[in-house]
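In what follows, a single structure is set out as structure tokens and then discussed.
Only this structure's heavy atoms are used, side chains among them; waters, hydrogens and symmetry mates stay out. None of these values were measured; they are calculated from a predicted model.
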Amino acid sequence: MTATINKALYDEQGYIIVPNLIPPESFEALKEACEHAIAKTRTGSWPHRRTVGRQFPPFDDSNPDSWGVQHLMHPDLEEPAFAEWYTSDALINVAKELLQCNEDELQMELCNLLINPLEHDFALRWHRDDVRENATAEEEVIALGLWTHGVQWNAALFEDSCLYLVPKTHKLPRTKLQRAQSMTQAPPANPLDMPGAIRVTLQPGESVFYNNNILHCGAYNSKQRRATLHGCMGDTRGGSTRAKNVLQHGLLWMTEDRFRDRLNERGKKMLQALIDMKEGVKGDLGYSQVN
């Protein structure tokens with residue numbers, strides 16, 4: 001079944017919720033793959049994780065508790081369901097519609113998993129993924145104008161109310177009041193204190209697609225089970241504009257033949273677009289944010 005996408009609403013608000021993106025025949029397989037990945041992460045056999053206490057890359061091992069699993073398509077994780085879904089018709093069709101591009105312009109990027117920590121509640125501060133908190137209004141306008149060649153999503157396998165965002169801020173600089181609540185490294189005590197903020201609640205099988213330079217934050221309840229597929233896809237017409245935000249996650253493994261050889265033909269073409277972008281930038285790009 002092909003999802004109906006309201007592209008005009010996405011452009012206006014900066015996000016859109018898509019139901020039933022994970023078909024029933026894939027849902028249980030993805031849930032089982034997520035359970036395996038989470039178990040490996042929590043027992044320490046999978047080292048690529050988002051660490052409680054670290055909001056952004058680079059992540060480290062300073063805390064044994066985790067709020068995310070990185071690199072779901074990595075061959076060493078041995079869960080092919082993730083790459084199969086990432087390259088599925090359902091997901092590809094939504095990305096093409098929102099990016100208004102052809103399939104041969106799609107660029108493979110990130111496929112990760114957001115989970116609940118076990119021992120600590122955890123929160124992310126208000127931020128835009130690739131614009132620093134101390135950017136001036138003029139710098140924000142320039143950065144937001146460039147950020148039209150990628151889309152990010154959260155696809156929930158269980159009910160998920162962790163994401164907060166401010167609609168329309170993917171196109172607008174922060175107001176004075178919004179800047180006052182997004183200039184520090186500290187997460188908010190109450191995300192809804194941010195002017196214009198809403199809480200996004202997803203039911204199992206629902207996905208929110210959003211421009212990841214929209215003003216947003218997250219709040220993770222250690223007692224609420226979470227397994228939400230978190231990924232992004234790009235459009236080669238953007239050139240290197242997304243390079244830092246994507247490559248900061250450490251994607252050298254994606255250049256290896258053993259990863260490429262496991263992909264279908266669609267996936268191989270998308271992967272080559274990522275490799276071309278990687279090879280087109282020089283030097284250390286650094287990180288989009290600081291912890």
Worksheet, complete the sentence: A155 and W85 have their tightest heavy-atom pair at CB-CH2, 3.8 Å
Discussion item. I need the F209 CZ to Q152 CD distance, nearest 0.5 Å.
Written reply: 11.0 Å
Discussion item. Treating K96 as the side-chain partner and C101 as the backbone partner, does any N or O pair qualify as donor plus acceptor under 3.5 Å?
Written reply: no
Worksheet item: Within the distance-only criterion (no hydrogens, no angle test), does the side chain of N116 pair as donor or acceptor with the backbone N or O of R226 below 3.5 angstrom?
Response: yes
Worksheet item: Which of parallel (below 30°), tilted (30 to 60°) and perpendicular (above 60°) describes Y86 and W153?
Response: tilted
Worksheet item: Is there a path of hydrophobic side-chain contacts, each under 4.5 Å between heavy atoms of I, L, V, M, F, W or Y residues, that connects L114 with V69?
Response: no
Discussion item. With side-chain hydrogen bond (donor to acceptor under 3.5 Å, both in side chains) as the criterion, how do D130 and S288 come out once you've worked through the C-alpha distance, each side chain's angles and the decisive distance to 0.1 Å?
Written reply: CA-CA 5 Å; D130 201 47; S288 294; 2.5 Å; yes
Discussion item. Walk me through whether H170 and N213 qualify under side-chain hydrogen bond (donor to acceptor under 3.5 Å, both in side chains).
Written reply: CA-CA 6 Å; H170 65 303; N213 269 342; over 6 Å; no
Practice prompt. If the plane angle is over 60° it's perpendicular, under 30° parallel, otherwise tilted; pick one for H48 and H71.
Written response: perpendicular
Worksheet item: Any sub-3.5 Å donor-acceptor pair from Q289's side-chain atoms to V131's backbone N or O?
Response: yes
Discussion item. Quick one, N93 with E97, criterion side chain to side chain contact (heavy atoms under 4.5 Å, CB included). Give me CA distance, side-chain angles, the key distance, then yes/no.
Written reply: CA-CA 6 Å; N93 288 339; E97 180 64 23; over 6 Å; no
Practice prompt. Return yes if some donor-acceptor pair links the side-chain N/O of H120 with the main-chain N/O of F122 below 3.5 Å, else return no.
Written response: no
Discussion item. So L163 and Y210, do their side chains get closer than 4.5 Å, heavy atoms only?
Written reply: yes
Worksheet item: Taking side chain as C-beta onward, heavy atoms only, is S26 less than 4.5 Å from S88?
Response: no
Discussion item. What I want to check is whether the side chains of E79 and H36 have a donor and an acceptor closer together than 3.5 Å.
Written reply: yes
Practice prompt. Could you walk me through whether M270 and L263 pass the side chain to side chain contact (heavy atoms under 4.5 Å, CB included) test, one step at a time?
Written response: CA-CA 10 Å; M270 295 169 64; L263 296 173; over 6 Å; no
Practice prompt. Take T228 and N154 through the side-chain hydrogen bond (donor to acceptor under 3.5 Å, both in side chains) test and state the conclusion after the steps.
Written response: CA-CA 6 Å; T228 294; N154 291 357; over 6 Å; no
Worksheet item: In terms of hydrophobic clusters joined by side-chain contacts under 4.5 Å, are Y15 and L144 together?
Response: no
Practice prompt. Measure the shortest side-chain to side-chain distance between Q248 and N245 over non-hydrogen atoms and say whether it is less than 4.5 angstrom.
Written response: yes
Worksheet item: Looking only at atom types and distance, does a side-chain atom of R199 sit under 3.5 Å from a main-chain N or O of S161, one as donor and one as acceptor?
Response: yes
Worksheet item: Short question: side chain of T51, backbone of N63 - any donor-acceptor pair under 3.5 Å?
Response: no
Discussion item. If we ignore hydrogens and angles and just use 3.5 Å, is the side chain of R174 paired with the main-chain N or O of Q181 as donor and acceptor?
Written reply: no
Worksheet item: Are any non-hydrogen side-chain atoms of V208 and D160 less than 4.5 angstrom apart?
Response: no
Worksheet item: Does T169 use its side chain to pair, donor to acceptor, with the backbone of L215 at less than 3.5 Å?
Response: yes
Discussion item. Do T41 and L113 make a side-chain contact, defined as non-hydrogen atoms from C-beta onward lying under 4.5 Å apart?
Written reply: no
Discussion item. Once you measure the plane-to-plane angle for W67 and Y220, does it fall in the parallel (<30°), tilted (30-60°) or perpendicular (>60°) bin?
Written reply: perpendicular
Worksheet, complete the sentence: When rounded to the nearest 0.5 Å, the distance separating CG of N112 from CD of Q70 is 4.0 Å
Worksheet, complete the sentence: Checking E140, E139, E133 against R128 for salt bridge (Lys or Arg N to Asp or Glu O under 4.0 Å), the one that qualifies is E140
Discussion item. Check this for me: K278, atom NZ, are more than 12 non-hydrogen atoms of other residues, nucleotides or ligands nearer than 6.0 Å?
Written reply: no
Worksheet item: Would R258 and D76 count as a salt bridge (charged side-chain N to carboxylate O under 4.0 Å, His left out) if you check the C-alpha gap in whole Å, the side-chain angles of each, and the deciding distance to 0.1 Å?
Response: CA-CA 10 Å; R258 66 194 186 105; D76 289 347; 2.8 Å; yes
Discussion item. Just so I know, are the side chains of N212 and C232 near enough to count as touching, which here means a heavy-atom distance under 4.5 Å?
Written reply: no
Practice prompt. Could you tell me which non-hydrogen atom of A197 sits nearest to which non-hydrogen atom of P191, and how far apart they are?
Written response: CB-O, 3.7 Å
Discussion item. Set out, in order, the CA-CA distance, both residues' side-chain angles and the distance that settles side chain to side chain contact (heavy atoms under 4.5 Å, CB included) for Q224 and C162, then state yes or no.
Written reply: CA-CA 10 Å; Q224 182 70 40; C162 297; over 6 Å; no
Fill in: Straight-line distance of L252 CG to M254 CE, nearest 0.5 Å
11.0 Å
Item to complete: Would you give the length of the straight line joining atom CG of L251 to atom CG of L271, rounded to the nearest 0.5 angstrom?
Response: 10.0 Å
Worksheet, complete the sentence: In short, R49 meets D60 closest at the heavy-atom pair NH2-O, 4.1 Å
Worksheet item: Can you name the nearest heavy-atom pair linking R54 to S62, along with the distance?
Response: CG-OG, 4.3 Å
Worksheet item: Where do R225 and E35 land on the salt bridge (charged side-chain N to carboxylate O under 4.0 Å, His left out) test, with the steps shown first?
Response: CA-CA 11 Å; R225 188 177 187 183; E35 289 174 353; 3.3 Å; yes
Fill in: H127 ring center near F56 ring center (under 6.0 Å)
yes
Item to complete: May I ask you to decide whether R266 forms a salt bridge with D89, counting only side-chain N to carboxylate O separations under 4.0 Å?
Response: yes
Practice prompt. Return the minimal non-hydrogen interatomic distance between L118 and D65, and the atom names on each side.
Written response: N-OD1, 2.9 Å
Worksheet entry | K269 atom NZ: more than 12 heavy-atom contacts under 6.0 Å | no
Item to complete: Report yes if some heavy atom in the side chain of L124 is under 4.5 Å from a heavy atom in the side chain of P187; otherwise report no.
Response: no
Item to complete: Please check if atom NZ in K168 has more than 12 non-hydrogen atoms from other residues, nucleotides or ligands closer than 6.0 Å.
Response: no
Item to complete: Start with the C-alpha distance between T184 and R125, add both sets of side-chain angles, then the distance that settles side chain to side chain contact (heavy atoms under 4.5 Å, CB included), and finish with yes or no.
Response: CA-CA 8 Å; T184 72; R125 62 178 172 85; 5.9 Å; no
Practice prompt. Starting at CH2 of W46, measure out to NE2 of H74 and round the result to the nearest 0.5 Å.
Written response: 4.5 Å
Practice prompt. Please report the closest heavy-atom contact between Q203 and E159, naming both atoms and the distance.
Written response: OE1-OE1, 3.6 Å
Discussion item. How long is the straight-line distance from NE2 of H230 back to CG of L72, given to the nearest 0.5 Å?
Written reply: 10.5 Å
Worksheet item: Mind checking whether R132 and V290 have side chains closer than 4.5 Å, heavy atoms only?
Response: yes
Worksheet item: Is the backbone N or O of A186 less than 3.5 Å from a side-chain atom of Q55, with the two atoms forming a donor-acceptor pair by type?
Response: no
Practice prompt. Without swapping roles, check the side chain of R242 against the backbone of M277 for a donor-acceptor pair under 3.5 Å.
Written response: no
Discussion item. Quick check with a 6.0 Å cut-off and a 45 degree axis cone: is R179 positioned over the face of W126's six-membered ring?
Written reply: no
Worksheet item: Do you reckon I115 sits in the same ILVMFWY cluster as F59, going by side-chain contacts under 4.5 Å, direct or chained?
Response: no
